[in-house]
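Letters A, B, ... mirror the listed sequences (proteins, then strands); counts begin at 1. Computation of the quantities below employed the complete heavy-atom set of this structure, encompassing side-chain atoms and omitting hydrogens, waters and symmetry-equivalent molecules.
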2 protein chains.
Amino acid sequence: MNAAAPQGYDPHAFEPFAVTVDLAVFTVRESRLHVLLVERGEDPYKGHWALPGGFVLPSESAGTAARRELAEETGLTEDTVPSLHLEQLGTYSEPDRDPRMRVVSVAYAALVPDLPEPRGGGDAASAQWWDAGRLGTLAFDHDLILADARARIGAKLEYTCLATAFCPPEFTLGELQQVYETVWGVELDRPNFRRKVLATPGFVQAVEGPPRRTGGRGKPAALHRAGAATALHPPLLRPEGRST
Amino acid sequence: MNAAAPQGYDPHAFEPFAVTVDLAVFTVRESRLHVLLVERGEDPYKGHWALPGGFVLPSESAGTAARRELAEETGLTEDTVPSLHLEQLGTYSEPDRDPRMRVVSVAYAALVPDLPEPRGGGDAASAQWWDAGRLGTLAFDHDLILADARARIGAKLEYTCLATAFCPPEFTLGELQQVYETVWGVELDRPNFRRKVLATPGFVQAVEGPPRRTGGRGKPAALHRAGAATALHPPLLRPEGRST
DNA sequence: GCCTTTATAGTCAGAGTGACTATTAAGGAG
DNA sequence: CTCCTTAATAGTCACTCTGACTATAAAGGC
C-alpha cells in the first residue's frame, strides 16, 4: 500500500491536516528554569495549562508562525523578537493527539532572558511563567514536547554558545554559569567554568572600561557580551552522562 | 493578528495543508556516501531526481509513514525495517515549496547498511543509489533537506554510536572507521580510532571465537557487533571545526 | 576593623588525544 | 619458499584539557 506514486501525487488526493506551531519558551528566573504556559479556556483540557501556539497561516512558514506567536505571547515588540533564539524541535503528529481533529504540530524552543511579565501585546491574557521543575500535567502531548525541549536545550548547551541567549545583553560570568547550573541541575566549579569560557574564542567578549556590576555583595564582576562564535569546540560537557 | 485564541481554536477555522514525509536514506558503498533518490515522472520537476517520500495517511503518524515509505522504497521486508535507524530531521514548510499546493513535509534521515539494489517490493521502479558527493540539483527544496540531513548525520557520529547503523551485523573496526571517514570526508589515524572505540564501553563488542575476516589481503581483522550503548561519552570529535 | 561573600588567579595530577613507531599475519609475485 | 605489500594490532610520548583545589582581591554588613 502506498499513498501515491513517489512525489507524483494527485493534487486532489491529499488528506487535509491542520498545521500548528507549539512553543516551549524558556527563561531562567531566580536560578530556576521557567516555561511560558497559557491556560486553556475551552475543552478539551479546559483549565489545563498548555504550551502557547497557534495555526500556521496560509502565507507563513512554520518558522514565521512561531516567531509571530512568540512576539504575541511574550509581549515583545516585533523588532526585539528577531534577535531571540528560536529553534525547531520536531513535529508531533500522532493521529489522536488532538481529540477533535487531525492536527500536526511543529514544536519550537525559544530561549529568552528574564522578561518582566508575559502579558503584553498579545491576546494571551492568561500567559504565565511556570517553574519547569514543578509542573503538573499539561494539555495534549505537551508534556512530551516540553520534555524533548528540555533535553534538546540541555544538550545544546554542551556544544554551542547558546547559554548567552538566556542572559541580558551584558552579563557576568557568574550569571552565565548560573544558566548552565540551572538548565543542567548541577553545580559547576567556578574557576574551571571561567577558564573554559574564556579559553573559547568568541564565546564572550569583555566589556571595555572599568564598569562593574553593582547589586549584591562580594567583589564586583567584570561584564561581558555574547561573542560571535556559535559553536563550542571542544564542547563543555556535563559532569555525568548524557541524553539525546 | 493571530490565527486563533491560544489553543482554543475553532475546528472549522483551520487552513488545510497536505502533509508528507521525505526520506534521506543514506548508505556507504565503496567508501562513498550514497543517497537513495527517485526520478520524478511528472511536472513539476519532471525528470529531476528527488528524495523518496509520500503522504502521511489519516491513520498514521509521520514516523509511521516514514517507516512505511522506507520499506517500500528500499524493498526491505517489514520485519527488517524496524531495526533500521530512522530519525526525524525537521519540517519544511515554506509556502511556495511546492508550486501546486500547500505541502508541509516532515523530513527523516535513515541509515542503512550497504543493500543489494533498491528495487524490491515498492512501486518505486526508478529508485536508485547516488553518490552523495556528485549530485545535480534535486526537485523542490530537497537540496536543502539533503544538506541538513548530511550535517545532522555528521554531527551525530561525534557523540552517538550511530555509525554502526551503516555496518552489517558483524563488522571490523576498519569498516567502522571507513564509515567515519566517508561521512566526514577526512582520514583518521587507525590506531587512535581503534583505541577510542574500544575504550568506549558498549560501543562495540568483540565476536567470540577465532573467526576472522576473509576477503582482502593483509592481516585478518577481528569481528565486532554493535554494543548496547547509544551515546559516546566523551565524544569522538571531528579533526577540524564543527557544524550544527 | 573583622567577617562574609563573590570574583579572579594560579597549581597540580590524571584522562584523553594526536602523531608516531613497531610488530603480526595474511596474499601475491618472483 | 622468500620477499614484498597490505592491513590489523600493540605500544610510546608529548601536549591539551579538565577536575579538584588553594590563594588572593574587592566589595558589603556589622
Side-chain angles (χ1 to χ4, degrees), chain A residues 30-31 157-159 167 170-182 184 186-201 203-207 209-224 229 231-242, chain B residues 30-31 157-159 167 170-182 184 186-201 203-207 209-224 229 231-242:
Chain A
E30 298 159 15
S31 299
L157 289 196
E158 291 194 316
Y159 54 93
C167 297
E170 298 194 339
F171 53 87
T172 69
L173 294 186
E175 290 167 348
L176 186 63
Q177 182 176 348
Q178 277 278 345
V179 169
Y180 277 90
E181 293 180 332
T182 300
W184 286 348
V186 299
E187 291 215 333
L188 301 176
D189 179 82
R190 200 184 289 270
N192 289 344
F193 178 82
R194 174 189 190 77
R195 183 220 293 159
K196 173 69 182 177
V197 170
L198 295 179
T200 304
F203 193 172
V204 298
Q205 62 182 112
V207 171
R212 309 187 144 256
R213 201 44 172 279
T214 67
R217 30 188 198 286
K219 178 176 176 177
L223 290 176
H224 296 261
L232 216 51
H233 196 71
L236 204 170
L237 298 174
R238 265 174 284 200
E240 291 309 293
R242 315 186 88 257
Chain B
E30 296 160 13
S31 300
L157 289 196
E158 292 194 316
Y159 54 92
C167 297
E170 296 195 340
F171 52 88
T172 69
L173 294 186
E175 290 168 347
L176 186 63
Q177 182 176 346
Q178 278 278 345
V179 169
Y180 277 90
E181 293 180 331
T182 300
W184 286 348
V186 298
E187 291 215 332
L188 300 176
D189 179 82
R190 201 184 288 268
N192 289 343
F193 178 82
R194 175 188 189 77
R195 183 219 291 157
K196 173 69 183 179
V197 170
L198 294 179
T200 303
F203 193 171
V204 299
Q205 63 181 114
V207 171
R212 311 188 142 254
R213 200 46 171 280
T214 68
R217 28 188 201 286
K219 177 174 176 177
L223 290 176
H224 297 261
L232 217 51
H233 195 70
L236 204 170
L237 298 175
R238 265 174 285 200
E240 291 307 291
R242 315 183 90 258

Problem set entry | Backbone N/O of A/Leu188 and side chain of A/Gln177: donor-acceptor pair under 3.5 Å |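 It does hold such a pair.
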Exercise. Quick one: does B/Thr172's side chain have a donor or acceptor within less than 3.5 Å of a partner on B/Glu175's backbone?
Worked result: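 Side chain of B/Thr172 to backbone of B/Glu175, a donor-acceptor pair under 3.5 Å: yes, one is there.
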Exercise. Among D/dG19, C/dT6, D/dA7, which is the nearest nucleotide to the side chain of B/Lys219?
Worked result: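 Looking only at side-chain atoms, B/Lys219 lies closest to D/dA7.
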Problem set entry | Candidates C/dG10, D/dT9, C/dC20 - which lies nearest the side chain of B/Asn192 |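 Looking only at side-chain atoms, B/Asn192 lies closest to C/dC20.
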Separation of atom [atom1] in [X] from atom [atom2] in [N], rounded to whole Å:
| X | N | atom1 | atom2 | result |
| --- | --- | --- | --- | --- |
| A/Tyr159 | D/dC17 | OH | P | 21 Å |
| B/Leu232 | C/dG16 | CG | C1' | 13 Å |
| B/Glu175 | D/dA8 | CD | P | 9 Å |
| A/Arg217 | D/dC30 | CZ | P | 9 Å |
| A/His233 | D/dT16 | NE2 | C1' | 13 Å |
| B/Leu188 | D/dA7 | CG | P | 16 Å |
| B/Leu236 | C/dA15 | CG | P | 19 Å |
| B/Leu176 | D/dA7 | CG | P | 17 Å |

Exercise. Which residues pass the side-chain hydrogen bond (donor to acceptor under 3.5 Å, both in side chains) test with B/Gln205, sequence neighbours left out?
Worked result: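 In terms of side-chain hydrogen bond (donor to acceptor under 3.5 Å, both in side chains), with neighbours along the sequence ignored, B/Gln205 is linked to no residue.
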Problem set entry | side-chain hydrogen bond (donor to acceptor under 3.5 Å, both in side chains) partners for A/Arg190, two or more places apart |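 With neighbours one apart ignored, the set is empty.
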Exercise. Taking the nucleotide of DNA chain C with the closest heavy atom to each, which residue, B/Pro234 or A/Leu198, is nearer the 5' end?
Worked result: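 So the residue in question is A/Leu198.
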Exercise. Base, sugar-phosphate, or nothing: which does A/Arg194 touch, judged by heavy atoms less than 4.0 Å apart?
Worked result: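 Sugar-phosphate contact only.
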Exercise. Is there a donor and acceptor pair closer than 3.5 Å between the side chain of B/Arg195 and the base of D/dG11?
Worked result: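 It does not, because no donor-acceptor pair links the side chain of B/Arg195 to the base of D/dG11 below 3.5 Å.
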Exercise. When you check the phosphate oxygens OP1 and OP2 of C/dT17, does a side-chain N or O of B/Lys196 lie under 4.0 Å from one of them?
Worked result: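 B/Lys196 to C/dT17 OP1/OP2: side-chain N or O found under 4.0 Å.
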Exercise. Between B/Arg190 and D/dA8, is there a side-chain N or O to OP1/OP2 distance below 4.0 Å?
Worked result: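 Yes, B/Arg190 has a side-chain N/O under 4.0 Å of OP1/OP2 on D/dA8.
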For this session: Work out which heavy atom in A/Arg195 is nearest to a heavy atom in A/Asn192; give both atom names and the distance.
Result: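 Closest heavy-atom pair between A/Arg195 and A/Asn192: NH2-OD1, 3.1 Å.
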For this session: On DNA chain D, check which nucleotide each of A/Gly218 and A/Pro191 is closest to and give me the residue with the more 5' one.
Result: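 Checking each residue's closest nucleotide, the 5'-ward one belongs to A/Pro191.
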